[in-house]
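See below for the structure under consideration.
As the structure lists them, so they are numbered: ligands from 1, and atoms in each ligand from 1.
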Amino acid sequence: MSKYVERVYNHVIEKNPAQPDFHQAVKEVLDSLMPVFEKEPRFEKYKILERITEPERIVIFRVPWVDDNGEIQVNRGMRVQFNSAIGPYKGGLRFHPSVNLGIIKFLGFEQIFKNSLTGLSMGGAKGGSDFDPKGKSDNEVMRFCQSLMTELFKYVGGRVDVPAGDIGVGAREIGYLFGTWKKITQRFEPVLTGKSLEYGGSLIRPEATGYGSVYFAQEMLKTRNEDLKGKVCLVSGSGNVAQYTTEKCIDLGAKVVTLSDSSGMVHDPDGVTKEKLEFVFELKNVKRGRIKEYAEKFGVEYYPDGQPWTIPGEIAFPSATQNEINNDEAKVLVDNGVIAVSEGANMPSTIEAIDVFLENKVLFGPGKAANAGGVSTSGLEMAQNFGFESWNRETVDDRLHKIMINIHKMAYDASKDYDDPGNYVLGANIAGFKKVANAMILQGHW
Ligand code: NDP
Ligand code: 2IT
């Protein structure tokens, strides 16, 4: 590590104890930036690293709500407004029992560079709660969302901070949150994205993260004269990102042989078809059941607590959660002949796993580039809302596709400029960082 990077990294660890996910996200970015500081010392002079690793604002608040039995429940809500140098704060909300400040800070930090790569005007933020939507009735979810927004509304707005979905937050939650914000503020503006179509949502937003991750994989494969046709793909998760990753893979003639959830993994050697995927949409989005039911319905193998990474495949799309691929799992993937990994999830590969992929020349698309299609299309949703327009599917999909091609190009070009062509970790971090850092310098010492 360079002295500057080492000093800042040690400071981050000291100032943010017990936040390992945040440390990991910072380390991955800072390691990539070392050659930048050698070439351009002004970033050190302006103390950009010290500033960019410190959120502009964090709010943490109590979220009390009443369950269906009349019992009062208390959760914790939070929003980390990390960086507004290039636009209003933007980033999802996660509802999951594991949520803590370190997780939301890692996600908010990643979001700064991801949003920069999209080429749109969006700063970085993330929020969420340790609320667990699993097993809750619609009314309970609604009361929880209403309570959360009666505090969060003070900090968000269409040109201030625009949350969206993430794990455990989909169209249902966004609707309840939007309705509450509108009721309190008497305003109708794009304070949230991922809205339903009836009140300002965008076509293709539900599909965008998964489609974008596959578009990114396509671009990586093109650099080796390869494509997706006939490739065996491993998808983890079975939520929003996993579902639309699978759909796009099928459309492009690839074969998805795995899906999973936090209970286990299904292996379908014949591949998920459009009909089977319909079952998954219904199972996960309507019935809110377990992926095990897929195995029962279609007579395939179910592995309790299993992960897709033991199954042979050529392209991996980790699309569930952070640190779902460790060093050993990365080695198994490589031994089994994986040629590309496109991270639909945020930080699904540990730093050691990334090293294994890079050492073995696997095409590796880091989350902040590969899954940027979701937030990009959120940006397109805001553009439509501010213009009182709604674009058709083809228009949005075409713009999403072009944005993903451009993100790939920016990351690839930066990796070439810094003498490691095809290292998308390096390229994405550098390209994402530079725009934000320069914007910070231009705006004075805030
Ligand atoms: P969903 O809530 O729709 O689905 C999450 C999926 O991942 C479920 O199958 C879930 O299983 C599984 N999962 C969640 N947590 C864990 C865990 N701790 N261990 C094992 N499996 C787990 O979320 P999304 O599909 O929206 O998000 C998936 C990933 O993609 C996240 O990393 C998110 O940050 C990232 N992402 C999402 C974007 C979006 O637009 N939605 C944009 C960019 C990135 P179970 O149901 O059992 O919990
Ligand atoms: O991680 C992410 O980029 C998201 N969850 C989507 C954020 C957004 O504002 O659409």
Q.
One thing to verify: whether Lys409 and Asp413 come together as a salt bridge, which I'm taking to mean a side-chain N less than 4.0 angstrom from a carboxylate O.
A. yes
Q. Do the ring centers of Tyr424 and Phe216 come within less than 6.0 Å of each other?
A. yes
*Centre of Phe298's six-membered ring, under 6.0 Å away, within 45 degrees of the axis: is that where NZ or CZ of Lys276 sits?*
yes
Residues 52-62, side-chain donor-acceptor partners within the protein, below 3.5 Å, at least two apart:
unit_1 : atom_1 : unit_2 : atom_2 : d
Thr53  : OG1    : Leu49  : O      : 2.8
Thr53  : OG1    : Glu50  : O      : 3.4
Glu56  : OE1    : Ser84  : N      : 3.4
Glu56  : OE1    : Ser84  : OG     : 2.8
Glu56  : OE1    : Tyr89  : OH     : 2.5
Glu56  : OE2    : Ser84  : N      : 2.8
Glu56  : OE2    : Ser84  : OG     : 3.4
Arg57  : NH1    : Gln81  : OE1    : 2.7

- request: Specify whether Tyr412 and His408 have parallel, tilted or perpendicular ring planes, treating 30° as the upper limit for parallel and 60° as the lower limit for perpendicular.
  value: parallel
Check whether any side-chain heavy atom of Lys27 sits under 4.5 Å from a side-chain heavy atom of Ile351, and report yes or no. yes
| Do Glu28 and Asn429 meet the criterion of a side-chain donor-acceptor pair at a distance under 3.5 Å? | yes
Does a side chain donor of either Asn385 or Lys195 reach within less than 3.5 Å of an acceptor in the other side chain?
-> yes
Donor-acceptor pairs under 3.5 angstrom involving side-chain atoms of residues 172-181: please list them, not counting sequence neighbours.
unit_1 : atom_1 : unit_2 : atom_2 : d
Arg172 : NH1    : Asp138 : OD1    : 2.7
Glu173 : OE1    : Gly170 : N      : 2.9
Thr180 : OG1    : Tyr176 : O      : 2.7

Contacts for ligand 1, heavy atom under 4.0 Å, by chain and number, are Arg94, His96, Lys114, Lys134, Asp166, Ile167, Gly168, Arg205, Thr209, Gly237, Ser238, Gly239, Asn240, Val241, Ser260, Asp261, Ser262, Arg290, Ser319, Ala320, Thr321, Gly344, Ala345, Asn346, Asn371
Sorted by chain and residue number, the residues having a heavy atom closer than 4.0 Å to an atom of ligand 2 are Lys90, Gly91, Gly92, Gln111, Lys114, Lys126, Ala164, Gly165, Asp166, Arg205, Asn346, Gly374, Val375, Ser378
